[in-house]
Each structure stands twice: as C-alpha cells, then as structure tokens.
Amino acid sequence: MRRFDPTALPGFAFVAVVAVLALWAPIVTMVVYSFNASDSVAVWGGFSLEWYAVAAGNEAVQGAAIRSLWIAFCASAIATTVATMAALGTTRRGRFRGDRAIYAMVNQPLMVPEIVTAVALLIVFASLKVLTGYTGLGWLILAHSAFCVPFAYLPIRARLEGMDTTLEGAAADLYATPWQAFRRVTLPLLVPGIAAGAMLAFVISLDDVIITEFVKSAGQDTLPTYMLGQLRRAVTPEVNAISTALLVLTMALLTAFFAMTRTRKPT
Amino acid sequence: MAGGVPAAAAPQGRATPAQARAGWWLSAPALVLLAVGATGPLIVIVIYAFLAKGSYSGVEWELSFDAWFQVLFQRDIFDDTVSFADAHLAIFWRSVKLSVLTTALAFAVGLPTAWFIATRPAAQRTWWLFAITIPFWTNLLIRTFAIMEVIRNGGLMNSALIALGVIETPIQILYTDTAVLIGMVYVYLPLMVLPLYAAVERFDMTLLEAAHDLYASRLQALRRVVLPVIRPGIVAGSILVFVPSLGAYVTPRILGGGKNMMIGNFIELQFGQGRNWPLGAALSLILLVIVLTALLTLTRLTERNDGR
Amino acid sequence: MRLTTLTSALALCATGALAQGQLNIYNWGNYTSPEMIEKFEAETGIDVTITDYDSNDTALAKIEAGGHGFDIVVPTHSVLPVWIEKGLLQKPGIPEMENYGNIAERWRTVDWDPGREWSVPWQWGTTGVAVNTSVYDGDPNTSAIWLDPPEELVGKVNVVPEMQDVINLALLYVGGTPCSADREELRAARDVLVAAKPKWMSMDYGMTEKLGNGDVSASVNWNGSTFRARNTNPDVVYGYPREGYVVWMDNAAILADAQNVDEAKAFLNFIMAPENAAMISGFARYANGIEGSEAFMPEDMRTAPEIVVPEDLQDAGVFTLACPGETNEMYSAIWTELLR
C-alpha cells in the first residue's frame with residue numbers, strides 16, 4: 001500500500017503556490033511602476049529613476065513612511081503583549097464569570113467600522129489632548145494598539161485552545177515555578193501563535209488610514225494618510241518608489257535577522 | 001501564571017476561583033487598553049445615536065430618536081409619505097452577501113495554503129509565512145491600486161489571457177462585484193491563513209497516517225480527524241475575515257467603482273458628506289449587534305466542539 | 001533575554017514624541033508646492049510642517065474637536081462660512097497686509113468672505129466634464145455627457161463621488177438652482193440621475209490617471225485634474241456645461257486657536273505675492289486669484305483651455321455654498337437612493 005504522506009497533498013501545494021504568486025503580482029506591479037517615467041501609477045511612460053529622486057528629496061513622504069513603521073512596531077508589540085496575556089487568561093481554565101464579556105471586549109474593535117471608531121476617538125482624544133497638553137505620537141500608538149488587539153488575540157487563542165496542558169503539569173511536578181513553567185514550556189509552544197498574531201497586528205497597523213487620519217496631530221501624517229490626501233487629485237509613483245524602498249529594506253533586514261538567528265540556533 | 005494550571009485540572013467545566021482571578025488579572029492590561037481605545041469611543045457613539053444632528057455636522061445635545069427612525073423608515077422627500085427604508089436593507093444585504101463570499105473564498109484558498117506551509121520542514125516555514133505577509137507590509141491603498149492595474153481591461157491579467165488565446169476581448173472585471181470580491185479576498189487572506197497556520201501547525205500529522213491506516217477516506221480523515229483539531233483556527237480566521245469585510249470601505253470604493261455602497265461606505269457617508277452623525281452612530285450600533293450575534297454563535301460552535 | 005528587549009522597546013514607544021514645527025499648515029493632500037514652502041522657509045527662517053486632509057468634512061471635524069496643533073487651514077469657499085460661524089477662524093487683518101492689493105478684483109469681495117477679512121485665495125477651479133474626443137467628438141460643453149450620455153459613451157462614464165457637486169450639477173441641468181428646496185426641482189434632478197446611473201461605469205476619484213490611460217472615456221471632473229490627464233492623453237478635452245457648472249475656491253485662513261499667529265500671518269502675506277502664488281498654481285495646476293501671477297506661471301498654464309474659461313461660458317459658472325441642513329438631508333436621501 002502506498003504510504004500516505006499528509007505533507008504531500010499535490011492540490012494543496014498548487015493552491016498555496018498560486019496564492020503566494022497572486023499575492024505578489026500587485027507588488028511586482030507596484031515595483032515596476034516605481035520606475036515609471038510618467039507621473040502616473042497606471043500609464044507606463046518608460047523607465048526612469050525620477051520618482052526615487054523625488055521621494056529622496058521629499059522629507060514629508062520619508063517622514064510619513066518612517067512614522068508608519070514606528071507606529072506599527074510599537075502598536076504591534078503592545079497589542080501582542082497584552083493579547084498574549086489575555087489569551088492565557090481566557091483559555092484552558094474552564095468557564096468563569098465574565099469570560100464571555102472579556103472575549104467580547106477584546107474583540108470589540110473588530111465589530112465597529114473604522115470610521116465610527118475614528119470619529120469617536122477624535123472626540124475622546126481631542127479633549128484629552130487639550131487636557132494633558134500632550135500631542136505626541138503616543139495617541140496614535142495607543143489607538144493603533146487598541147484596534148490591533150483582536151488581530152493578535154485570535155491567532156494566539158486559536159493556538160492555545162486545546163493545547164496540551166500535561167507538559168506544564170509535568171513541569172510543575174518537577175518543582176518549576178509557574179513563571180519557569182510558562183517561560184520554558186508554554187511560551188515556546190505558543191510561539192507560532194504569537195508570531196502569527198504579531199505579524200497580523202503589524203500589518204493591520206501599517207494599513208490603517210481612517211483612524212489615523214482622525215487621531216493624528218500636526219506633522220503626524222503616516223504613509224496611508226499621505227496617500228489618502230493624494231487620492232482625490234493624483235497619486236504619483238513617488239509612493240511606489242518609497243514603498244519599494246521600504247520593501248527592499250524590510251527584506252534585507254529580515255534576511256540579516258535570520259542569518260543572525262540561524263547561527264545562534266544551537267543554544 | 002497560566003503555567004501553574006495543574007495537569008489534573010480539566011480545561012472544561014468551571015474554573016476555580018483562583019483560576020478565575022488569574023484569568024481576570026491576565027486580561028486586565030488588554031481590558032484597560034481597550035477601555036480607552038475602544039469602549040470609551042463606543043460609549044460616545046451610543047450617546048450620539050440618541051442626540052439630534054447638528055446644524056452643519058456633529059450633534060446637538062438634546063435627546064432625539066430621529067436617527068433610529070431614519071434607520072428603519074424613510075420619509076419620502078417629495079410627498080412626505082413614510083415608508084420602510086428598503087435602500088438601507090439592500091445595502092446591508094449586499095455587504096453581508098459579499099462578506100460571506102469573501103470568507104468562504106478566503107477559507108478555500110487559505111486552508112490549503114496554511115496546510116502546505118505547516119507541513120514544510122520547520123526551517124522553511126518562516127520563509128513561507130513571510131512570503132504570505134510581506135506583500136501586506138506595503139500599504140493597502142498602494143496594493144489596491146496595484147490590483148486595479150492587474151485586473152483592468154488593458155491590465156496584466158487581460159493581456160495575459162488574450163496573449164494565451166483564452167479570450168479575444170478583455171473581460172470587464174474592474175468596477176464589478178467580482179473585482180470587490182477579488183480585492184477583499186486578497187486583502188483579508190493573511191487574516192485567514194495565519195490563524196489557520198497556527199492551528200494546523202499544532203496538528204499531529206501521525207494522526208492522519210493512523211486514520212489512513214484505518215482505511216479512512218481522505219474526506220473522512222479531513223472531517224473526523226483534521227477539522228475538530230483545527231476548528232479554533234477556522235473560527236478565528238473566519239471572524240478576522242468576515243467582520244472587517246462587513247465594514248470594508250477602501251476596497252469597495254476603489255475596485256467596485258463606488259457605484260454601490262456597502263455598509264462601511266454608507267456609514268462613512270453619514271459622518272462625511274451626509275452630515276448626519278447620529279444616523280451614522282445608529283447604523284454602526286446595528287452593525288455591532290449583527291456582528292456580536294455572529295461572533296457569539298461562532299464561539300458557541302467552538303465550545304461545543306471542546307465539550308465533545 | 002527577548003522579553004527584556006521587548007520591555008525596553010515598549011518603554012521606548014511611550015517616549016517617541018515629535019518636534020513641533022513653527023508653522024503648522026493643514027491642507028489638502030498633494031496641494032502645497034514644496035518649492036514654495038522652501039522659499040518661505042529660506043526667506044523667513046520659519047520651519048513649516050504640512051499635514052494633509054482629504055475632505056472638508058474631516059478637516060472641520062478635527063479642528064472642531066480641538067487639540068490639533070494646526071495654525072493654517074485651507075477650506076473650500078462653500079464651507080468657509082460654516083468655519084467662521086463656528087468661531088474656528090480668526091481675523092488676522094488681511095486687508096492691512098502688504099500684499100493684499102494683489103488679490104484680483106473678482107476675488108476681493110466674495111459672498112463667502114466679504115472684504116476678505118478671514119481668508120486669502122489659495123486656488124480656484126471648476127467642476128465640469130472631461131471627454132476623450134477619440135471616443136466621442138461631439139460638443140463637450142454640456143452635462144448631457146454624463147446625465148444623458150451619447151451612444152459612444154454609455155458604460156464608459158465616470159462621476160466623481162462628490163454628493164453636493166453632483167446633485168448641484170444635476171439640478172442645474174434640469175433648470176433648477178443649487179441647494180434648491182423646491183421639491184419639483186429635486187425630483188427632476190433625482191430622476192435624471194437615477195435614469196443615467198446604469199449608463200455610468202464608476203463613481204470614483206483618480207480621473208487624472210483613468211482619463212489618461214483610456215480606462216474612462218468621460219467624467220465629471222475638476223479642471224486641474226483634466227489638465228494633467230491631457231498631458232498624458234492629448235485627446236482629453238475639458239467641457240464647461242452650459243446648463244451650469246460649479247466654480248469653487250479654496251482659501252487659506254488662520255485658526256482661532258493657532259499657536260503661531262505671527263508666522264501664519266507672514267505666510268498668508270507671502271502667498272499673496274504673485275511669484276509665490278504662481279508656484280502654488282504651477283504645482284497643483286489650478287488658477288490662484290492673485291493679480292500678476294500669470295507672468296510667473298509656466299507657458300502651458302497661461303493658455304490652458306482648462307484654466308481659461310471661454311468668454312461665452314463664463315456666466316454659466318455657479319458658486320454654491322454648503323446647503324442648509326434640511327436641503328442636505330434631501331441630498332443625502334437622493335444620494336442613498338442613487339448608490340443603494
């Protein structure tokens with residue numbers, strides 16, 4: 001009898017590869033148009049590096065790009081931390097009074113359309129800004145952290161649900177403190193969920209337009225709000241250029257990061 | 001800490017008071033963050049739904065149920081007759097329909113993808129995960145414009161199909177519901193793949209071999225062995241895709257050509273050009289109730305599975 | 001180890017604040033000439049920060065909520081009276097400014113700001129129709145292009161999703177007046193819109209691109225955008241509907257709660273100088289309302305048919321203010337029915 005190998009389902013591999021290719025097709029288009037000579041993201045006018053020069057000379061768009069990354073980094077770190085804790089708190093311990101309320105609350109940002117949260121946050125934060133006199137990026141990070149929580153929470157919870165508790169029990173039997181048991185047993189098992197959650201949170205924060213548009217103070221444009229402002233008039237390949245640069249940068253950073261962790265792995 | 005849960009304690013049934021306390025403490029930071037960033041604003045919205053609309057936009061601080069009346073009924077602007085607001089129903093219906101389709105399609109593509117990634121050797125998995133997510137580090141608006149470039153009449157897809165001789169004249173996809181569907185599946189696919197991946201990765205592949213040895217057909221093995229284990233991932237993915245697509249705004253507007261509104265656009269209209277904030281607030285509360293119902297039903301489904 | 005890194009990263013996030021510029025301008029996106037800002041910074045030593053918005057509604061909501069930190073805003077004339085009425089702006093003594101005399105006669109006494117006490121002209125333009133003449137070469141100077149499209153244009157027409165402008169244009173087309181409360185007029189406008197909609201392809205922005213690459217053959221569009229589209233596609237022409245078209249002006253004003261009032265005043269005076277106003281126009285491709293700025297403008301702008309309104313169609317241009325609440329409710333109802 002042919003040995004059954006669940007890792008080699010041909011149809012699945014095909015779908016997966018096509019899906020990945022399809023996901024990259026628009027990105028390739030974006031990269032191609034970043035080299036466009038004409039001032040359009042849809043009409044090809046020949047090869048040119050003009051837009052890289054424009055982007056390089058435009059502090060506003062650079063600042064916006066860096067601000068986007070910074071906010072996304074902070075917000076996803078905060079959201080993933082609190083979401084991991086909440087996921088640990090609401091799974092694998094049986095029902096308790098209010099657990100459904102926690103669940104609903106954690107997922108609340110999902111349930112309200114962005115524009116509504118945006119308007120409401122504007123009202124709340126504007127008065128807080130006046131009250132505290134602080135108008136820094138903290139408000140944006142706070143808003144982003146909040147709406148990223150469910151995106152981090154759900155994958156982590158999905159990972160935790162039904163995760164075997166016997167290992168932790170064994171650790172406890174071996175006189176590991178709860179913290180040691182968590183640090184050495186639960187956390188490593190949880191890593192794929194946390195990674196998935198953190199990636200989602202990062203992406204969701206990077207993409208946010210409307211909430212940012214309403215919460216931002218002077219000089220706090222992010223790449224999405226910068227583009228939103230262009231939408232009515234004309235979007236130029238300048239944003240393609242800056243996005244391509246960012247793409248190359250992130251890929252380089254990732255490769256470097258993996259090269260580093262690879263060598264450290266044996267420990 | 002959660003690590004302290006003794007192995008003997010069944011995850012089902014009721015938690016001990018100590019466990020419940022730990023549960024609350026662990027959830028506290030998230031709850032505080034969300035109280036400021038989500039619940040506070042929600043309370044503002046609830047209040048706004050019961051106020052009168054302001055002279056230009058915004059609200060007047062007086063109790064009014066106009067918004068709720070306007071949600072359900074429309075006063076004909078020409079003869080003042082009051083009738084059921086079927087336009088609103090049509091808009092809600094279109095959104096629900098498209099969101100269900102988006103979720104189903106994302107699942108159909110997402111499950112094989114997640115499965116494929118989870119069954120790669122451990123060292124490769126991260127690379128595949130990044131292959132899925134890196135496109136999403138590029139801003140949504142840029143991606144949406146790029147999708148438009150791919151599917152438009154003179155675009156990549158139509159040109160390729162014509163060159164291959166599959167079609168003779170370009171198919172009009174841009175500005176149709178199909179374009180919105182393609183765009184939404186594209187945008188929300190990682191939200192399906194990543195939770196599914198987290199669940200599948202945990203799945204013990206030897207179970208499948210065992211099922212196979214016991215002469216289970218592939219379908220049986222999928223239904224009886226795989227699905228129960230990865231169901232939490234499916235639920236998480238479906239929530240993450242379905243709920244945001246219900247309120248989707250950018251994709252329908254750009255790829256759908258904006259000729260037909262979805263709920264998200266309709267609510268946006270009220271806060272923007274429509275200058276009717278209370279109506280926008282009331283509409284979002286209705287959407288909230290729909291989503292909450294769907295969410296709780298889905299959680300019940302996982303719980304039933306847990307208690308199996 | 002990793003947890004410590006995370007904690008320190010989180011601590012860092014909380015402190016990430018941004019240095020404030022000395023003049024904070026809140027303006028439409030892609031609308032402010034960077035060269036002009038550089039020149040202003042070089043001449044005055046003031047550090048300028050530009051922040052974008054995408055609609056009058058967003059801008060108004062944000063400023064009204066407070067705590068924003070902006071000094072200058074550039075609302076469209078139609079909503080400027082609302083800003084004034086709500087007390088969001090201040091009178092910076094514009095008529096006493098050195099360059100005040102440069103404002104063209106036509107723009108000095110305007111309905112939305114008589115005597116120019118509150119605002120100075122930024123740019124003005126028109127909302128008309130753009131047509132690709134290789135698809136349809138009939139008369140472009142009519143709203144029938146999109147409200148009763150000729151055979152060639154059916155299914156290829158776009159309408160920009162500006163509720164107020166679109167319904168105003170339809171009202172003008174059926175012989176009504178903008179912001180009309182007359183139900184018969186509104187009904188006629190609704191009927192003509194609902195009947196025309198199946199013949200439209202989309203209701204979208206971004207027509208510079210789509211007219212340029214031929215995806216869209218005709219559109220309700222702004223003149224400046226059409227000008228840019230013509231640069232990529234010479235077949236595109238701009239029409240001024242003789243039934244009536246919309247004229248608008250964006251105006252720079254100082255916010256009541258501005259932190260940097262002197263710098264803001266210097267900026268308003270600066271943009272009233274012809275050579276500076278010309279830089280604004282050269283960037284965004286709209287006319288500016290400053291006398292003598294043409295001399296500093298690129299040649300193609302001085303003669304552009306999108307900018308120079310033909311003599312016989314000048315009277316068809318209409319300035320519309322924001323409709324009163326009740327009328328706007330009717331507009332919303334028509335719009336919802338149209339987009340259901």
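Remember, it's a predicted structure, so these values are computed and weren't measured experimentally. The figures here come from the full heavy-atom set of this structure, side chains too, leaving out hydrogens, waters and symmetry mates. Chain letters run A, B, ... following the sequence lines, proteins first and then strands; every chain starts at 1.
- Annotation: side chain of A:Leu142 is in contact with side chain of B:Leu33 (closest heavy-atom distance under 4.5 Å).
- The contact between B:Thr126 and chain A is made entirely by side chain atoms (from C-beta outward), counting heavy-atom distances below 4.5 Å.
- Ranked by heavy-atom pairs under 4.5 Å with chain B, the first of A:Ile204, A:Val149, A:Val17, A:Leu121 is A:Leu121.
- To the nearest 0.5 Å, the span separating CD on B:Glu201 from CG on A:Leu189 amounts to 9.5 Å.
- When heavy atoms are compared at a cutoff of 4.5 Å, A:Ile210 approaches chain B solely by way of its side chain, counted from C-beta outward.
- Here the OH-CD distance, from A:Tyr33 to B:Glu149, works out to 3.5 Å after rounding to the nearest 0.5 Å.
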Anything under 3.5 Å between a donor and an acceptor, one on a side chain of residues 102-113 of chain A, the other on a protein residue two or more places apart or in another chain? List them.
from     : atom 1 : to       : atom 2 : distance (Å)
A:Asn107 : ND2    : A:Tyr103 : O      : 3.0
A:Gln108 : OE1    : B:Thr39  : OG1    : 2.9
A:Gln108 : NE2    : B:Ala38  : O      : 2.9

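- Going from atom CZ of B:Arg143 over to atom OG1 of A:Thr29 covers 13.0 Å, rounded to the nearest 0.5 Å.
- If you tally non-hydrogen atom pairs under 4.5 Å between each of B:Val36, B:Leu42, B:Leu189 and chain A, the highest count goes to B:Leu42.
- Note that the OH atom of B:Tyr197 and the CE atom of A:Met199 stand 8.5 Å from one another [nearest 0.5 Å].
- Neither the backbone nor the side chain of A:Tyr153 comes within less than 4.5 Å of any heavy atom of chain B.
- In terms of non-hydrogen atom pairs under 4.5 Å with chain A, the most contact-rich of B:Ile142, B:Ile147, B:Val44, B:Ile43 is B:Ile142.
- Between B:Trp24 and A:Arg97 the shortest heavy-atom distance is NE1-O, 3.4 Å.
- Heavy-atom pairs under 4.5 Å with chain B were tallied for A:Leu223, A:Thr244, A:Val119, A:Val124; the largest tally goes to A:Val119.
- Interface remark: B:Phe271 contributes side-chain atoms only to the contact with chain A (heavy atom separation under 4.5 Å).
- Between A:Pro150 and B:Leu240, the shortest heavy-atom distance links the atoms O-CD2, 4.2 Å.
- A:Glu114 and B:Tyr249 are not linked by any side-chain donor-acceptor pair at a separation below 3.5 angstrom, with hydrogens and angles left out of the test.
- Chain B forms more heavy-atom pairs under 4.5 Å with one residue of A:Pro26, A:Ala25, A:Pro192, A:Ala143 than with any other, namely A:Pro26.
- Listed options A:Leu247, A:Ile123, A:Leu228 were ranked by heavy-atom pairs under 4.5 angstrom with chain B; first place goes to A:Ile123.
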Inset, instruction - Before giving the answer on side chain to side chain contact (heavy atoms under 4.5 Å, CB included), spell out for A:Met251 and B:Phe130 the whole-Å C-alpha distance, their side-chain angles and the decisive distance to 0.1 Å. - result: CA-CA 9 Å; A:Met251 280 162 66; B:Phe130 276 114; over 6 Å; no
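- Using a 4.5 Å cut-off between heavy atoms, B:Ala35 touches chain A through backbone and side chain atoms alike.
- With a 4.5 Å cut-off on non-hydrogen atoms, A:Ala22 touches chain B through its backbone but not through its side chain.
- The CZ atom of A:Phe12 lies 12.0 Å from the CZ atom of B:Phe116; values are rounded to the nearest 0.5 Å.
- Put simply, the side chain of A:Trp24 gets close to the backbone of B:Ala131: a donor and an acceptor are under 3.5 Å apart.
- No donor-acceptor pair closer than 3.5 Å links the side chain of A:Asp207 to the backbone N or O of B:Asn139.
- When heavy atoms are compared at a cutoff of 4.5 Å, B:Val150 approaches chain A solely by way of its side chain, counted from C-beta outward.
- With a 4.5 Å cut-off on non-hydrogen atoms, A:Phe202 touches chain B through its side chain but not through its backbone.
- A:Leu206 has its side chain within reach of B:Trp137: a pair of non-hydrogen atoms, C-beta onward, lies under 4.5 Å apart.
- Considering only heavy-atom pairs separated by less than 4.5 Å from chain A, the leading option among B:Tyr186, B:Tyr48, B:Trp128, B:Trp25 is B:Tyr186.
- Interatomic distance, CD1 of B:Ile45 versus OG1 of A:Thr117, reported as 7.5 Å (0.5 Å rounding).
- Only the side chain of B:Arg253 has a heavy atom closer than 4.5 Å to any heavy atom of chain A.
- There is no contact between B:Ile117 and chain A, counting heavy-atom distances below 4.5 Å.
- Between chain A and the options B:Pro41, B:Ala30, B:Pro135, heavy-atom pairs under 4.5 Å are most frequent for B:Pro135.
- Between A:Leu200 and B:Phe136 the shortest side-chain heavy-atom distance does not fall below 4.5 Å.
- B:Phe145 places a side-chain heavy atom less than 4.5 Å from the side chain of A:Met227.
- Of all the listed residues (A:Ser243, A:Pro224, A:Gly197), the one sharing the greatest number of non-hydrogen pairs under 4.5 Å with chain B is A:Pro224.
- When each of B:Gly23, B:Ala236, B:Ala198 is checked for heavy-atom pairs under 4.5 Å with chain A, B:Gly23 comes out on top.
- Annotation: side chain of A:Thr81 is not in contact with side chain of B:Pro29 (no heavy-atom distance under 4.5 Å).
- With chain A as the partner, the residue from B:Val291, B:Leu34, B:Leu31, B:Leu140 showing the most heavy-atom pairs under 4.5 Å is B:Leu34.
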